[in-house]
Amino acid sequence: MERVNFQAIEKKWQVKFNSSKLHNKNGKKFYCLEMFPYPSGKIHMGHVRNYTIGDVVARYKYLNGFNVLHPMGWDSFGLPAENAARLNNLNPKTWTEENIKTMKEQLKMLGLSIDWSLEISTCNKDYYKHQQELFIDFYNQGLVSRKETYVNWDPVEKTVLANEQVINGKGWRSNAVVERKKLSQWFFNITKFSDQLLKDMESLEGWPEKVKLMQKNWIGKSFGCELDFKIQSLKKNLRIFTTRPDTIFGASFIAISTDHKICENFNEDPNFKKFQKECSKIGTTEEALANAEKLGFETKLFAEHPFLKNKKLPIYVANFVLMDYGNGAIFGCPAHDQRDFDFAKKYNLPITRVVEDKNNSEVGEKMKEAYTGTGKIVNSEFLNNLSVNEAINTIINKIEEKKIGERKTLFRLKDWGISRQRYWGCPIPMIYLEDGSVVPVDKSELPITLPEDVDLNSSGNPLENHPRWKKTIHKKTGKPAIRETDTLDTFVDSSWYFLRFCSPKNEKYPFESKETNYWMPVDQYIGGIEHAILHLLYSRFFMKAVKQTNNEIKCSEPFKNLFTQGMVCHETYKDLEGNWLDPLEVEKTSEKKAIKKSDKSKVTVGPSESMSKSKKNTVDPETMIKQYGADSVRWFMLSDSPPEKDVQWSDAGVVSSSKFLQKIWNLNQSVLDRNKTKIKEDEKIQKSFENKIDLSVYKIDSAINNFQFNVAIAQFYEIYRYFNDSMKLGINNSIFIKNITKIMKLMIPFTPHLAYECLTNLNCKEIDQWPKINEKIIENSEVKMVIQINGKTRDVLAIKRNLEKDDVTKLVKKSLKANKHIMNKKILRTIFVKNKIINYIVNN
RNA sequence: GCCCUCGUGGUGAAAUUGGUAGACACAAAGGACUUAAAAUCCUUGCCCUUUUGGGAGUGCCAGUUCGAGUCUGGCCGAGGGCACCA
């Protein structure tokens, strides 16, 4: 057989793919989108997986008559460009544009069905000018604010990080320990949508439960009430928030945050200063914080218990009370909160049980830990004998009646800090006037572009340091003004790019309403699970904010269906000194053993982990494509594991993929060659052959629909073997032509180059049309009836569908295998499930 | 600590949702073709039996059921998310 020249075929078809669109004018719209890449230099296997999955979906939908939008762009602002530029002494723009060029070529090598005429790049002023306009719109709608807050300061990157960019107290990129610093920052008021972001998730049926749960926890809604405590000596009220007002009679102290306003009273107190210092010494990692010892500073102030006349509660400043949640103050009920319990133990505060525990009757200081379960309320005057929930309601009513507080719902979600003290980002279109006021620039002045002559080598914010850039004139008054020198968090760029794709060339507006309303929401969004919270939450916020700003836009949730794919993993290798080795430097001698190619020294084979540069366990997609062809790489990517799970890259796997594609090619050739020989036809065989193919077509189609690409591929292997074996049977060759055409069409989403080439050779007229799925094939096909005796399978009979119990039993009597187990025995009972199973219960 | 998900051969995994466990693939062993190699193809895969057969078996223990990988309860293990959120 002729060996296929995958490279030649691929090159030929890519010319077509690169200029084609998946448009079916009369079809229903389908917006297929994969998360766009950061142009870091070269594509990696993670991209290959992501975009292959997306391509299968896009092509599948197109072949099924949908009008498909399948765009691609570049998330091209961000710090790596700045760092690389500094290192190579060039402009971030140059670096970025070169990377985009390289990566675009690499993506094209994969044979993706992307409509490149829609390409966008977020660092392009044609894109970010609209982003600045959106910022001003949001500002005018009250969705932007400027706040003085403690921020996470990354001392290495010299920038502010959002909470979610701090991982275990360290910067997500620099890994430097994050410091606390008070700065004036821009915020998107995402908390204005807390409730809506939470509620609308119910409508997201096409999202993985896991992602929804993560967002739900992140938003963190909790019910409770606020409550005032009188501080007689200060003649002031102290307001606290609690979710457990039912435990108010168990309160034994009040604790406030070190940043609470009341603490200003102790600014002169050296002991307080000392305490503050001690608190700040505790590590900043979250784990350290969580495990840190509870520390308190006794203020000597007392608050009055709102329901017990003579009870006075001591007020402590405590290190475990957060200023930015609730009011930065709590009441402590040691018996029913573990933190309060630990604190009470340390400072010898009374412990009063107010909720009964069925399994533990210990009370007061004898309790070994806090009881947080439900039960009957005790020691609580008018709350006694109520359940926890009843008590919460009763006490809140009482609090509201007495006008000392009210019902309150609190969210854990915080506003989104978007200021970054960096150069390579979208400039914030705000200016500072001489009178101290801050106003947006006039829209006619957009875009506010980045200067190209910038010094990236001195520390701090490059825009701030630029000699002229920040000096401007306020258009309305003609007075001098200073530009905001912070740039936007790059998460802003990726929060609306999916909207821009609907009308990427429009110069006047961020997006045209008509186009946007037609294409949005994204019907299938595909990307990594690492964006489960940030990117997806921000995008959802943007959609809602856009809808509020622009009443022509109808969509309120950007992504109808979400699919999160797993990572690509590879074995790790270490040499004798413990240095990581690239797979290219290693020669495998057996499954678990390997040697170094250069000096034949022993190599330790480590577990398979997600590919990363630091572990050197990466495999370069371009090399693989050049060696085995894009179709083989795509095929392998989808064949081994379900797409939502991690996949192990293996060279052996991709080799076998390419061998299989060769076999498919050979099969095509054989079918074409077979015409020359005369065949004696057998109608029965022909019919059963066609049935079997139709059944496979059906199975592959439903597997694709369910994102079970690995199952679909297993079907291809099976059907190939069956097809190949059938070649010697009495089947008319026109039937083979017809059916291999079906199979090759099914392969288009997976291996488009090979499939199109074969279909062209088969002289197929309507290539871009999915084979008709015979929904009745299941009904028409035979079923395998399982014959059990006492629950043990004794035989499997292939029989006609829908046979009744008695007919089946007749057949069973004829089957020697099964019948010998029931012969001469009394059948006590028969369980019969049509088309599935018959189970005889016999007496032994 | 709290919440979630998942445990199936040497490996990646299937299993029409309660009905043949291990499809399909990788790796391994054996064989066929070949002077040889490559390529290709076939067979095997736990235990007992020479075979026909029979038995065990989806992390562990119990339960529901004619029947459990699938449902319920408990335990063990792995992964992920949140983390002093009052």
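Each chain gets a letter, A, B and so on, in the order the sequences are listed, and its residues count up from 1. Here the structure is a predicted model, which is why all the values come from computation and not from measurement.
A close approach under 4.0 Å does not occur between any side-chain nitrogen or oxygen of A:Lys836 and OP1 or OP2 of B:rC66. Contact between the side-chain N/O atoms of A:Ser656 and the OP1/OP2 oxygens of B:rC26 is found at a separation under 4.0 Å.
Side chain to side chain, A:Tyr720 and A:Asn724 meet the donor-acceptor criterion of an N or O pair below 3.5 Å.
A:Phe343 has its ring centre less than 6.0 Å from the ring centre of A:Tyr347.
For the pair A:Asp640 CG and B:rA25 P, the interatomic distance rounds to 11 Å; values are reported in whole Å. Note: CD1 (A:Ile838) to C1' (B:rU20) measures 15 Å, nearest angstrom. Distance, A:Lys784 NZ to B:rA21 P: 13 Å, rounded to whole Å.
In a base pair of the Watson-Crick type (N1 to N3 plus N6-O4 or O6-N4) or a G-U wobble (N1-O2 and O6-N3), with each distance short of 3.5 Å, B:rC46 is matched with B:rG55. Nucleotide B:rU16 is matched to nothing when pairs are restricted to Watson-Crick or G-U wobble geometry with both distances under 3.5 angstrom.
Salt-bridge annotation for A:Arg239 and A:Glu406: present, with a side-chain N of the basic residue lying under 4.0 Å from a carboxylate O of the acidic one.
Minimum atom distance to the side chain of A:Arg412 is reached by B:rC82, of the listed B:rU20, B:rC26, B:rC82. When distances are taken from the side chain of A:Phe241 to each of B:rA86, B:rA27, B:rC3, the shortest belongs to B:rA86.
Comparing A:Ser650 and A:Ile330 against RNA chain B, the residue whose closest nucleotide sits nearer the 5' end is A:Ser650. Nearest-nucleotide positions on RNA chain B for A:Gln715 and A:Val321 put A:Gln715 closer to the 5' end.
Scanning for side-chain hydrogen bond (donor to acceptor under 3.5 Å, both in side chains) contacts around A:Asp246 gives A:Arg244, with sequence neighbours left out.
Counting distance only, with no hydrogens placed and no angle test, the side-chain atoms of A:Asn839 and the base atoms of B:rC66 include a donor-acceptor pair under 3.5 Å.
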